[in-house]
Number of protein chains: 2
Amino acid sequence: MSAVPEPMDATAAPRTRPVRGAAGERRPVYDAASLLAVSVAEFNARGYDATSMEDLSRAAGITKSSFYHHVRGKEELLRAALARALDGLFGILEESQAQNGPALTRLQHIIGRQVEVLTSELPYVTLLLRVRGNTETERWALARRRAFDASIASLVAEAVADGEVSAEIEPWLAARLLSGTVNSIIEWYRPGRPGADQLPAQVVWMVREGIIPPA
Amino acid sequence: MSAVPEPMDATAAPRTRPVRGAAGERRPVYDAASLLAVSVAEFNARGYDATSMEDLSRAAGITKSSFYHHVRGKEELLRAALARALDGLFGILEESQAQNGPALTRLQHIIGRQVEVLTSELPYVTLLLRVRGNTETERWALARRRAFDASIASLVAEAVADGEVSAEIEPWLAARLLSGTVNSIIEWYRPGRPGADQLPAQVVWMVREGIIPPA
DNA sequence: GTCTATAAGGAGATAGAC
DNA sequence: GTCTATCTCCTTATAGAC
């Protein structure tokens, strides 16, 4: 895997102070985290490549030059966003290493947590899942994402070997469809949705039982 | 839905004749269908916005100007590709209108056919599923795609109402996860894969029964 | 911190010779 | 049908005044 420079920390303390106009009207807060959030929203709306630095600065309410005062460049914004998404996902794997028990139980837990991360870090994960591999940064993110998927796949294989998961389908296919199902949430989930707290359990149920009613 | 001009027919007879060098070395065949195929492959490799007309012409083995002799512009290529994908998907719905029987049976048939179209028209459907809505053409494709998904969703709702499909999850959620599962095939399926003819049945099995082994 | 102005290069697309 | 040359606009990014 290629080395990638240190990511900007999107959760760090603000680099700059909030600015308010003399009349008290709201102006955007220009710290690293908020500019990243604004940028990622734009990237997701139009696609990374179709979004210009002009678009980003306009969304932030400042000129392009001022925007460059806070941000090194377009690709650094992308890298910071992808790092945040990947940190969320790999955090799940770290948690699960502390657990033992049947593979299926661990798998279900991971799926539920994955849904939680997808929804809580929605813009960042959305960007990650759309990366194509055009730059070194994107290829780094793709490689890390593949490593995550491989972990899930080996857990599925383990559950199949233990007889806890159906062997009707090859394990690698089950794992891919499983990841596809979970990841597809980004296509329609939007924050503030009522009953979002039940979504992880519902997704777990769906991949466990399918759409046919239990006998 | 917005009106969109007539799509170029990617399956029409070649507009131009194959060209061979004097020494007999192979040169690309420059008809509308093959240039579209080459272009769509490039779009999928890098993303539509990140792919330049220079990239396309180089992939076709001619200069950009020569490429423009065969093709009106970048967006027309996109539109032709999206139209082909949508024609494949809506063809499934037309077939299914001729059928009657339980909603679940029709749903399973549609899912299987959808997998077949995804794999047989892989590059075109891949492009369709990544459209963001930046231009009128893209918004037209998105609207048509939404209409397709809505048809599936209403069939799921019908099956739930008939008691054929589990009511444990809300019908709209089941429909979305179902579409997400099927569409995720584009992320990993590659033509020539052995056992590809069994894929539709395996996907249908997975969404029916889930990953838990039948009792 | 923000701005105007601008550099340097790449994009989509066309003109016109052969 | 293919090419070289070019147009025009947009892109990322920087210089330097305030």
Side-chain angles (χ1 to χ4, degrees), chain A residues 5 8 14-23 25-36 38-39 42-43 46-81 134-138, chain B residues 5 8 13-23 25-36 38-39 42-43 45-81 134-138:
Chain A
M8 167 172 96
R15 269 208 309 236
T16 61
R17 304 244 148 258
V19 179
R20 302 250 182 269
E25 77 278 12
R26 266 180 189 278
R27 282 188 64 191
V29 180
Y30 306 132
D31 57 69
S34 67
L35 284 183
L36 180 61
V38 166
S39 299
E42 294 292 303
F43 288 155
R46 266 171 287 217
Y48 174 75
D49 291 298
T51 305
S52 70
M53 293 299 274
E54 180 76 42
D55 292 330
L56 299 184
S57 62
R58 198 184 312 115
I62 52 181
T63 64
K64 196 168 51 161
S65 294
S66 301
F67 192 80
Y68 269 104
H69 182 77
H70 300 280
V71 168
R72 251 188 254 271
K74 193 178 171 181
E75 194 169 359
E76 191 186 63
L77 285 165
L78 178 64
R79 187 169 44 72
N134 290 333
T135 64
E136 199 57 41
T137 298
E138 297 189 29
Chain B
M8 168 172 96
R15 269 208 308 234
T16 61
R17 305 243 148 259
V19 179
R20 302 250 180 269
E25 75 279 13
R26 266 178 189 279
R27 282 189 62 192
V29 181
Y30 306 132
D31 56 69
S34 66
L35 284 184
L36 180 61
V38 166
S39 299
E42 294 292 304
F43 288 155
R46 267 172 283 217
Y48 174 74
D49 290 299
T51 306
S52 71
M53 293 299 276
E54 181 75 42
D55 292 329
L56 298 184
S57 62
R58 197 183 313 116
I62 53 181
T63 63
K64 193 165 57 159
S65 293
S66 301
F67 192 81
Y68 269 104
H69 182 78
H70 301 281
V71 167
R72 253 187 251 273
K74 193 178 174 183
E75 194 169 0
E76 191 187 63
L77 285 165
L78 177 64
R79 188 168 44 71
N134 290 333
T135 63
E136 199 56 42
T137 297
E138 296 189 28

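Atom set for the values below is all heavy atoms of this structure, side chains included, hydrogens, waters and symmetry mates excluded. Letters A, B, ... are given to chains in the order of the sequence lines, protein chains preceding strands, and every chain is numbered from 1.
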Undergrad: Step by step, would you call A/Phe67 with A/Leu77 a side-chain contact (heavy atoms from CB on, under 4.5 Å)?
TA: CA-CA 12 Å; A/Phe67 192 80; A/Leu77 285 165; 3.9 Å; yes
Undergrad: Could you tell me which non-hydrogen atom of A/Lys74 sits nearest to which non-hydrogen atom of A/Thr51, and how far apart they are?
TA: NZ-O, 2.7 Å
Undergrad: Check whether any side-chain nitrogen or oxygen of B/Ser66 sits under 4.0 Å from OP1 or OP2 of D/dC3, and answer yes or no.
TA: yes
Undergrad: Roughly how bent is the helix from C/dG1-D/dC18 to C/dC18-D/dG1 end to end, in steps of 10 degrees, with each end axis from five pairs?
TA: 0°
Undergrad: Sequence neighbours left out, what passes side-chain hydrogen bond (donor to acceptor under 3.5 Å, both in side chains) with A/Glu75? Give chain and number order.
TA: A/Thr135, A/Thr137
Undergrad: When you measure from the side chain of A/Ser57 to the backbone of A/Met53, do you find a donor-acceptor pair of N or O atoms at a distance under 3.5 Å?
TA: yes
Undergrad: Could you check B/Leu56 against B/Leu35 for side-chain contact (heavy atoms from CB on, under 4.5 Å), going step by step and ending with a plain yes or no?
TA: CA-CA 9 Å; B/Leu56 298 184; B/Leu35 284 184; over 6 Å; no
Undergrad: Does B/His70 put a side-chain nitrogen or oxygen below 4.0 Å from OP1 or OP2 of D/dT2?
TA: yes
Undergrad: Quickly work out the A/Glu76 CD to D/dA13 P distance and round it to whole Å.
TA: 10 Å
Undergrad: To the nearest Å, give me how far apart CG (A/Leu35) and P (C/dG1) are.
TA: 11 Å
Undergrad: Can you build the contact string for nucleotides 7-18 of chain C? Use B for base contact, S for sugar-phosphate-only contact, and - for no protein heavy atom under 4.0 Å.
TA: ----SBBBB---
Undergrad: Would you give the length of the straight line joining atom CD of A/Glu54 to atom NZ of A/Lys64, rounded to the nearest 0.5 angstrom?
TA: 5.5 Å
Undergrad: B/Tyr30 vs B/His70 aromatic rings, parallel, tilted or perpendicular, using cut-offs 30° and 60°?
TA: tilted
Undergrad: Should B/Tyr48 and B/Ser39 be marked as a side-chain contact (heavy atoms from CB on, under 4.5 Å) after you check the CA-CA gap, both sets of side-chain angles, and the distance that decides it?
TA: CA-CA 9 Å; B/Tyr48 174 74; B/Ser39 299; over 6 Å; no
Undergrad: On the nucleotide C/dC3, are OP1 or OP2 found under 4.0 Å from the side-chain N or O atoms that A/Thr63 carries?
TA: yes
